[in-house]
Amino acid sequence: MDLRQFLMCLSLCTAFALSKPTEKKDRVHHEPQLSDKIHNDAQSFDYDHDAFLGAEEAKTFDQLTPEESKERLGKIVSKIDGDKDGFVTVDELKDWIKFAQKRWIYEDVERQWKGHDLNEDGLVSWEEYKNATYGYVLDDPDPDDGFNYKQMMVRDERRFKMADKDGDLIATKEEFTAFLHPEEYDYMKDIVVQETMEDIDKNADGFIDLEEYIGDMYSHDGNTDEPEWVKTEREQFVEFRDKNRDGKMDKEETKDWILPSDYDHAEAEARHLVYESDQNKDGKLTKEEIVDKYDLFVGSQATDFGEALVRHDEF
């Protein structure tokens with residue numbers, strides 16, 4: 001098993017690597033911010049560009065002429081219009097923004113897909129994944145690195161079956177994406193919670209008590225004095241995590257902790273873009289309306305702040 005496979009296997013089967021004693025391990029899955037720029041359209045549209053395209057893709061538009069930016073934007077609009085009715089709705093725009101922000105996930109899936117679709121039929125079966133990921137190590141009862149690969153494989157198989165909606169043990173690309181990145185799919189969230197609880201619940205009683213909660217984040221490593229953030233986490237557990245005050249977190253309390261209901265930044269941005277571009281105020285956008293306001297959606301060489309951003313990155 002090569003290093004790439006080992007790292008992938010490890011990332012799938014263990015939620016987090018060991019932290020340094022004073023570093024906080026964060027298991028909470030938050031929706032990422034759409035941009036690290038300030039959202040102030042009176043100064044620039046940098047935030048909107050990052051949100052609509054993703055930060056890296058936005059930089060490429062800043063190097064295009066206005067005509068080139070409009071042409072590329074028009075092609076993107078055709079992709080956003082999912083039902084091909086000639087209009088872009090708030091929901092379609094929201095879905096696109098979420099796709100743009102998580103493009104790295106799909107790129108990761110594409111990379112891994114090539115290494116697991118062994119017969120190149122456009123599908124990945126459990127057998128293909130198992131053979132490509134674990135291979136001969138399963139025949140070694142005492143691997144040199146000390147990892148229990150059979151236990152890891154059992155956990156992977158359970159997750160694969162959860163992602164495989166039709167139960168045929170053959171994953172489409174969408175199902176394979178859900179397998180690799182379960183936190184991104186509503187129907188996979190129970191397995192995320194289950195795996196997290198198994199990692200933390202050291203006494204295997206089906207709950208996470210205070211010491212297990214703290215022990216997952218922080219190792220005393222001989223130190224008697226806890227950092228302030230550990231004391232704060234103890235208070236958080238008692239005051240907020242353990243909602244029914246029974247001294248431990250059950251499945252639902254754990255889910256509320258690691259998968260919080262965040263503010264939907266993508267929907268807010270989609271509504272903002274529609275509001276600013278909807279000339280006839282019908283609540284949806286045509287390609288013409290979007291291209292007319294192209295500088296709100298994408299940058300170009302005519303955008304001074306875009307040029308400054310590129311120059312800064314080159315420096």
Side-chain angles (χ1 to χ4, degrees), residues 1-18 25-34 54-57 95-138 145 147-200 216 254-255 257-260 262 266:
M1 182 164 146
D2 61 28
L3 180 60
R4 176 189 62 78
Q5 290 174 327
F6 170 73
L7 291 176
M8 182 198 65
C9 173
L10 193 57
S11 66
L12 284 174
C13 301
T14 58
F16 297 89
L18 292 175
K25 182 191 297 182
D26 189 5
R27 288 188 178 270
V28 181
H29 299 278
H30 289 292
E31 283 291 315
Q33 295 293 318
L34 301 184
E56 292 304 313
E57 184 70 11
D95 289 343
W96 168 262
I97 290 171
K98 288 189 173 184
F99 168 80
Q101 293 299 314
K102 296 174 180 177
R103 187 177 280 116
W104 70 271
I105 290 177
Y106 300 105
E107 291 173 350
D108 173 59
V109 171
E110 286 297 329
R111 285 192 300 269
Q112 299 209 38
W113 185 264
K114 295 174 183 177
H116 292 92
D117 181 13
L118 303 180
N119 62 5
E120 299 182 349
D121 65 347
L123 300 166
V124 172
S125 68
W126 167 247
E127 287 300 315
E128 284 180 310
Y129 176 81
K130 180 177 69 174
N131 291 334
T133 304
Y134 297 99
Y136 66 89
V137 298
L138 294 176
D145 52 38
F147 281 96
N148 187 334
Y149 289 103
K150 289 186 178 180
Q151 185 178 16
M152 294 164 74
M153 187 185 69
V154 168
R155 183 160 161 158
D156 271 1
E157 184 176 12
R158 183 182 63 191
R159 189 195 287 192
F160 193 97
K161 288 179 177 178
M162 180 72 75
D164 175 30
K165 286 186 172 182
D166 57 11
D168 61 357
L169 286 181
I170 299 174
T172 63
K173 189 164 289 186
E174 186 71 10
E175 290 170 336
F176 194 61
T177 304
F179 168 65
L180 294 177
H181 299 279
E183 70 283 352
E184 303 296 335
Y185 291 81
D186 286 339
Y187 81 100
M188 294 293 290
K189 288 185 176 179
D190 283 346
I191 201 72
V192 175
V193 175
Q194 183 176 356
E195 290 178 2
T196 301
M197 292 191 74
E198 289 173 351
D199 289 340
I200 303 175
D216 180 63
T254 302
K255 186 175 183 178
W257 166 43
I258 66 172
L259 297 169
D262 287 337

Answer yes or no: is there a donor N or O on one side and an acceptor on the other, between the side chain of [X] and the main chain of [Y], under 3.5 Å?
X    : Y    : answer
R159 : F179 : yes
D164 : L169 : yes
E128 : N119 : yes
Y187 : A163 : yes
D117 : G122 : yes

M188 to P182 - nearest heavy-atom pair and separation: CB-O, 3.3 Å
Using a 4.5 Å cut-off on heavy atoms from C-beta on, say whether the side chain of [Y] contacts that of [X].
X    : Y    : value
L259 : V193 : yes
Q112 : V109 : no
I191 : E195 : yes
W126 : I170 : no
E198 : R155 : yes
Y134 : M152 : yes

Within the 6.0 Å centroid threshold, strictly below: Y106 and F99: yes
Pair H181 and W104, ring centroids less than 6.0 Å apart: yes
Side chain to side chain contact (heavy atoms under 4.5 Å, CB included) partners for E127, two or more places apart: S125, K130, N131
SB check [X] [Y] (cutoff 4.0 Å):
X    : Y    : value
E175 : K161 : no
E57  : R103 : no
R111 : D108 : yes

[X] side, atom [atom1]; [Y] side, atom [atom2] - distance, nearest 0.5 Å:
X    : Y    : atom1 : atom2 : result
I258 : K189 : CD1   : NZ    : 10.0 Å
I200 : R27  : CD1   : CZ    : 4.0 Å
F176 : L123 : CZ    : CG    : 11.5 Å
T196 : E183 : OG1   : CD    : 10.0 Å

Face-on cation placement of K173 at W113 ring, 6.0 Å and 45° thresholds: yes
Whether H116 and Y129 hold their rings parallel, tilted or perpendicular, with breakpoints at 30° and 60°: parallel
Test side-chain contact (heavy atoms from CB on, under 4.5 Å) applied to K255 and D190, step by step: CA-CA 8 Å; K255 186 175 183 178; D190 283 346; 3.9 Å; yes
